[in-house]
Structures are given as structure tokens and as C-alpha cells.
Amino acid sequence: MSEPLADVRLRDFAPVSMMTAQTTYVTEPAAPIVDVHNHLGRRLTGVWQVPDPDALIAMMDAAGVATIVNLDGEWTDELEANLDRYDRKYPGRFVTFARVDWNDTSTPGWGDRMAASLTDSVRRGAAGLKLWKDIGLRVRDERDELIFLDDERLEPLWDALADSGVPALIHTADPAAFFQPLDARNERLEELLRHPDWHFHGPEFPPLQRLLDAFEAVVAAHPRVRFIGAHVGCLAENLDWVEQMLDRYPNYRVDIAARLAELGRQPRRTRALIEHHPDRVLLGTDCSPPEAADYQLYLRFLASSDEAFAYSTEQPPPTGRWTISGLGLPDDLAAKVEGDNARAFVPALRT
């Protein structure tokens, strides 16, 4: 070798597992799939995530995907462009969620304006609202103070959501390690070195618990609003907390998008959560653009009892250097997660 093994960098370490483990190919879902968490628009980049919607439809048909929820609807003209490209061209195959303009918080009255925007978006055909993690981490008001979900000035928005009946899918915080010091003990060190803007530890950011408390306060105070907690309620590392939220609030659901790496490290606890709340967990992928292999991986995780398999084809794995195990759900529970729960909770999916 050209260098001593002792000098091999961690980023270059790519061990090949010697485990002999079962491999199950799950290609047929237990129910037509609803992917409640995906991004098909051109938000942030100006380029459509899916260049060829007809090809996407063909993939969906082959993979057993009935409907994808597009979270990139934005508002007014951009919402119309998304609705034209997906929902109106392929009825029943896509539903688009709107957003509201968080750049519009520099002058008083922004809560009322957001409520009016949401009402207008629903009138145009939006099936829900997506709120992102910039709330609480970066968005500031006219006094240059951070805005949190439990800000009383957002009451008009929650009232508008309750009146409309459409759900709000909320991503309010990132993985717990993103809020910890960036040192040798951080389990997401490699990932955060690749994406330093994902690190939220320091005096300029609130603690993770403040974001979670604000989220819970809003869910508790607005029982008429349908809430979906993105990424396993934004705390997949602590399913006891997730289960407490599900226990307390009948108007609350969670999706599993982009959290197989966390859930697959605790398959027995994850299965117990689904068994205790069989109608409350929804499939989402956050894979943009989605591919058939993405859905096959989620189906394998939900339905098989395979152990020690990769949650990603990337090397090194993007989240952490570990493998996952499947849940082995029976068909009736798998069907609920894969699509039935979403159809029961999101009104637009029932039409």
C-alpha cells in the first residue's frame, strides 16, 4: 500500500460487511402507496425537481404509488404553475401543498396576511400547508426577533387552517445531533462537515427543546387543525416523546420521511409505536425526484424482518455509519402506513 493503514482517513474507510443476512425484495405494497412528503416543484433552485412528469407517472404505476404529495406549491402564480403541472394534468395522482411567504414579516400584520394567503391558496386548489424549519431558526419579525410557531401573531393562520379543513405538515427541527457541539462525539459529524449550514448549535440558535415546545403548544391549542409532524415529528431519536404527542393529541399524525436511518436502529420500538397508534403513522420519502428503488426500500423496511441492511446506496452513508433492520409489519398494519392512513387524514386524497 502507498500509505500505512494507520493513516487511512475515516472518510476513506469503506468496510464491506461479512454478515450473511436475509434479503427480501418487497415490490408489491400492501395498499396503494401515498407518499405524503415529497418535493416536485422548483422552490429555491428555479428548476423543476421532476423534468418529465410523464416518466414519473410511469414509475409510480410500476412501483404501486397511487399519489404523491408535492410540498413545493408556494403561493399565487407559483402555486398555479405546480397545480397545472401536476394536480390538474394528472387528477388523483398528485396533491400540492401551499406555503406562505416568510419574507413578509418585516412589517406588522404579517399573521393576517399569511392567513389570507392560505385561504387564497386553498381556493385555488392547494390541499394543505407546508411549514419549514426556518420558523424558529432564521425567520425574524419587524423587531428582528426570531418567530416561533407559538407566536400569538400566527393565530389567524391557525384559524384559517381550521376553517379550511386542510392539514399542515410541519418540519420544525432537524435531527437532535444537529443541535449538539460539532466534535468527535457527534454521531452526524461527517454529514455536518459536508453541510455546515445544517448545524444549529450556538448562541444564535434556540435549543431544540424550544422548537419542540412551540410545536406542541400549537398542536395542543388548535384541536380543529390537522397536523402532520414531518420526519417522525422531528424527533425520531426519541420515540417516547413522539408517542406522548400521539397519545395527547387526536389531531396529530407523523410521517416517516427521510428517517429510516433512525427508525431502523430501533425496529422493535418503532414497531411498538405503530402498533399502539396504527392509524397515525404515514409514509413519506422526501426523495426528490423519487425513484422506484426508494419505494422498494421503504416497503422492505416496513414489511420485511431483514437485519443489517443499508438504508442508502451512498458511500459513506449520508446519515451515519450504521445499518438498519426491518419492522416485519403484518399486511394490515403495512397497508395503513403505506397509504390508508394518509387517505383517511388528508381530505384531498379522498376525492
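Since the structure is predicted, the reported quantities are computational estimates derived from the model, not experimental observations. Residue numbers run from 1 in the order of the sequence given.
- If you check the side chains of N186 and Q180, you find no donor sitting under 3.5 Å from an acceptor.
- There is a side-chain donor-acceptor pair under 3.5 Å between D87 and T96.
- Classification of the F200-F178 ring pair by plane angle, with boundaries at 30° and 60°, yields tilted.
- Annotation: the span from D150 atom CG to I135 atom CD1 amounts to 11.5 Å, rounded to 0.5 Å.
- Counting only N and O atoms by type, the side chains of D35 and N38 include a donor and acceptor under 3.5 Å apart.
- One side chain, W110 or E142, offers a donor N or O that lies under 3.5 Å from an acceptor on the other.
- When the options R99, R43, R42, R85 are evaluated for a salt bridge (Lys or Arg N to Asp or Glu O under 4.0 Å) with E78, the one that passes is R42.
- In this structure, W198 has its ring center no closer than 6.0 Å to that of F179.
- The closest side-chain donor-acceptor pair between T107 and R113 falls under 3.5 angstrom.
- Remark: the S305 side chain and the E307 side chain contain no N/O donor-acceptor pair separated by less than 3.5 Å.
- No hydrogens or angles considered: nothing links the side chains of H231 and E262 as a donor-acceptor pair under 3.5 Å.
- Using a 30° and 60° split on the angle between ring planes, F215 and F227 fall in the perpendicular class, above 60°.
- A pairwise comparison of heavy atoms in V100 and M114 identifies CG1-O, 3.8 Å as the closest pair.
- Side chain to side chain, E338 and Y298 fail the donor-acceptor criterion of an N or O pair below 3.5 Å.
- Aromatic pair Y252/F345: centroids not less than 6.0 angstrom apart.
- When ring centroids are compared, H37 and H171 stay outside the 6.0 Å threshold.
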